[in-house]
Protein chains: 2
Amino acid sequence: MESAIPASLLAMLDRRDAMSPAERQAFAGLPWRLQSFQDGAEIVPEGHRPTESCVLLRGFTANVRYLANGDRQLTAIHVPGDFFDLHGLFLKVLDHGVVALTECQVAMVKHEHLKRLAADHLRLVSMFAASIAREGALQRTWIVCMGRKDPVRRIAHLVCEMYRRLERAGGARDFQFEFPVTQAEIADLAGLSVVHTNRALQELRATGLMSWQGAEIRISNWASLVAFAGFDETYLGLQLDEQ
Amino acid sequence: MESAIPASLLAMLDRRDAMSPAERQAFAGLPWRLQSFQDGAEIVPEGHRPTESCVLLRGFTANVRYLANGDRQLTAIHVPGDFFDLHGLFLKVLDHGVVALTECQVAMVKHEHLKRLAADHLRLVSMFAASIAREGALQRTWIVCMGRKDPVRRIAHLVCEMYRRLERAGGARDFQFEFPVTQAEIADLAGLSVVHTNRALQELRATGLMSWQGAEIRISNWASLVAFAGFDETYLGLQLDEQ
DNA sequence: CGTAATGTTGATGATTATCAAGCCACGTGG
DNA sequence: CCACGTGGCTTGATAATCATCAACATTACG
C-alpha cells in the first residue's frame, strides 16, 4: 500500500524543527508506505540491515534487546511522530529490534529516497542528526533513572516523560492520557521484575499524585509528581542549533 | 595554545570511517586548540551551550548527570579518539556535563569551523551523524547492562567493552590495558554503591577470568569473560553506511 | 462460558545499600 | 627520616530492597 504521509503527522514532525515550505513539500512527496502491526509484532528485527526508515503514526513501539537467557530490555519507547529508525540511515546495521507495544501504524520510506531528499535539502541532514542526538538525550536520562532512582521514582519519571512527549504529539491533554502498556512491558523497560513493578505502581498510586487504571493515566498533581520523580524536562526541549 | 591536531589522532579518527585525502587534509587544517585537564576537572558543565566540540587525545572522560541529592550517574565513558561532544554541534544545549576521570588532554575546535568544513565536505555531516548514532548504540548497551545484568557481569561487560575500544584506539594490546579509574567512579557508572562495587570486583577477580590490580587490567580468558558478561560486540563495529 | 492474558497477593531468600571502621599507599611538611 | 593527613580500598554488620515462586483474582475476548 502506497500513500502520502498524513498532513497531521507532517505538522507534528515539523513542530520541533520548523521545515521550510520547500522542505515540507519534498518530504511529504516521498513515496511513503503505510503498514499496520499487531500488538507485540516485530517491526524491525534485531541485527537487521535496514533499507528504510520508519515514522510511528499511531500506537506505541519500543527498541528492544534480547539476552541469551530470554530476558529482554526495552531501551526506548516511541510515541506517534517519532522517527524511530533514523540512525539506520547512517549505520549499516541496527543494534536493536523494534517491537509494537500496542496495535500501531507506521509510515516507511526507503533510505534511497531519504538520501536523495537530503542531497537536495542539506539542512535536513542536520535535522536528522539532531533527531538522533535527541534520542541520545532520552537514553542518557533513562540510564540515570535506572542507575540512581528507585523503582517508584523511575516509573513516576516515565509517566512525566510520556505526558510531555504525548502532549507534543497531540496525544495528551489536561494531565491525562491513554497508555495501553502492560506491567510486564513496564518491567522490561524499567529493569524490574513484573511483581515488583506491580508493587511499585501501587505505591505510586498510593501517593495520590496520579492514578493509573487500565490504560488511563491521570496526573492529579503535576508539580509534586515532577518533584517526586526528579523530572527535569530540559532534555526534552533540545532544539536544532541553526547556524 | 593553538596547534595542529596530532597526526596519530587523525589516523585514529580515520580508522572507522575512512576519510578521503581532501577530507583528511581539511580536517587536520582546522584551528584546533589543545587543552589539558586535571583528574576530576569539569571539561564541559551540565546544561552548557557549547560553541566548540572536543576530541579526547589522552586519558579518560565521562558524561555525567547530577541529581538533586548530590548523587551522580555517569552515562558514558570516552577513550582517546572519541569525539565526545559532537551532538553539541546539532543541539543548542548539552543535557549532560563532561568530567575528566583522569588527567587528560583534549583538542577543541569551534563549531563555526566544523560547520564550514561540513558545508565543503558533505560526507562529513553523515560521518558526524554516524558518530552520534554509534554513541547511541553504546548507551543502549549500557541500559541493557543496568537493567538486566547483575553487578559482576555489568563490570565484566565494561571491561570487555573498554578493551575493544582501547584496542581500536591503540591503548590496549594482548588482553591487557591501563584503566586508572577509581572504584567510586565505576560505582557511578554502574549505578551501584562503592561498597558493593568493591565486592563485585572481588567476585569478578575470583572467577580467574581477569585481574585488576591498581590501574592494570589483564584478561586471562577472553572467550570465557565474553561469555560470562554476555558481551556481544556487534554494537561496537557499526560502520557508516556509504550509499 | 471457557480460556488466556493481565493484574494482584503472600511468603521466602537473595541481593544490595548503608553505616562504621580499619587498612594501605602516597605525598607533604616538620 | 618520620609524623600525619588524605584518598582509595576493604571488611563486617545490619536493614532495606528486590527477585522468585506459587497461588489467586480479574479482565478481555472468542
Derivation and outcome, salt bridge (Lys or Arg N to Asp or Glu O under 4.0 Å), residues B:R165 and B:D82: CA-CA 10 Å; B:R165 290 173 63 192; B:D82 284 350; 2.8 Å; yes
Would you call the rings of B:W222 and B:F231 parallel, tilted or perpendicular, where under 30° means parallel and over 60° means perpendicular? perpendicular
Under 3.5 Å donor-acceptor, B:K149 side chain and B:G230 backbone: yes
Using 0.5 Å steps for rounding, measure from the CZ atom of A:R173 to the CD atom of A:E167. 10.5 Å
Does OP1 or OP2 of C:dG7 have a side-chain N or O of A:Q202 closer than 4.0 Å? no
For the pair B:F179 and B:F60, name the ring-plane relationship: parallel under 30°, tilted 30 to 60°, perpendicular over 60°. perpendicular
Whole-Å distance separating the CG atom of A:L101 from the P atom of C:dT6: 12 Å
Can you list everything that forms a side-chain hydrogen bond (donor to acceptor under 3.5 Å, both in side chains) with A:R199? Sequence neighbours excluded, please. none
Short question: side chain of A:T207, backbone of A:L204 - any donor-acceptor pair under 3.5 Å? yes
Rounded to the nearest 0.5 Å, what's the gap from CG on B:L57 to CD on B:Q35? Could you check? 11.5 Å
First contact, last contact: which nucleotides of DNA chain D are these for chain A, 5' to 3', heavy-atom distance under 4.0 Å? D:dC18 to D:dC21
What string of B, S and - do you get for nucleotides 13-18 of chain C, 5' to 3', when a contact is any protein heavy atom under 4.0 Å? ---SSB
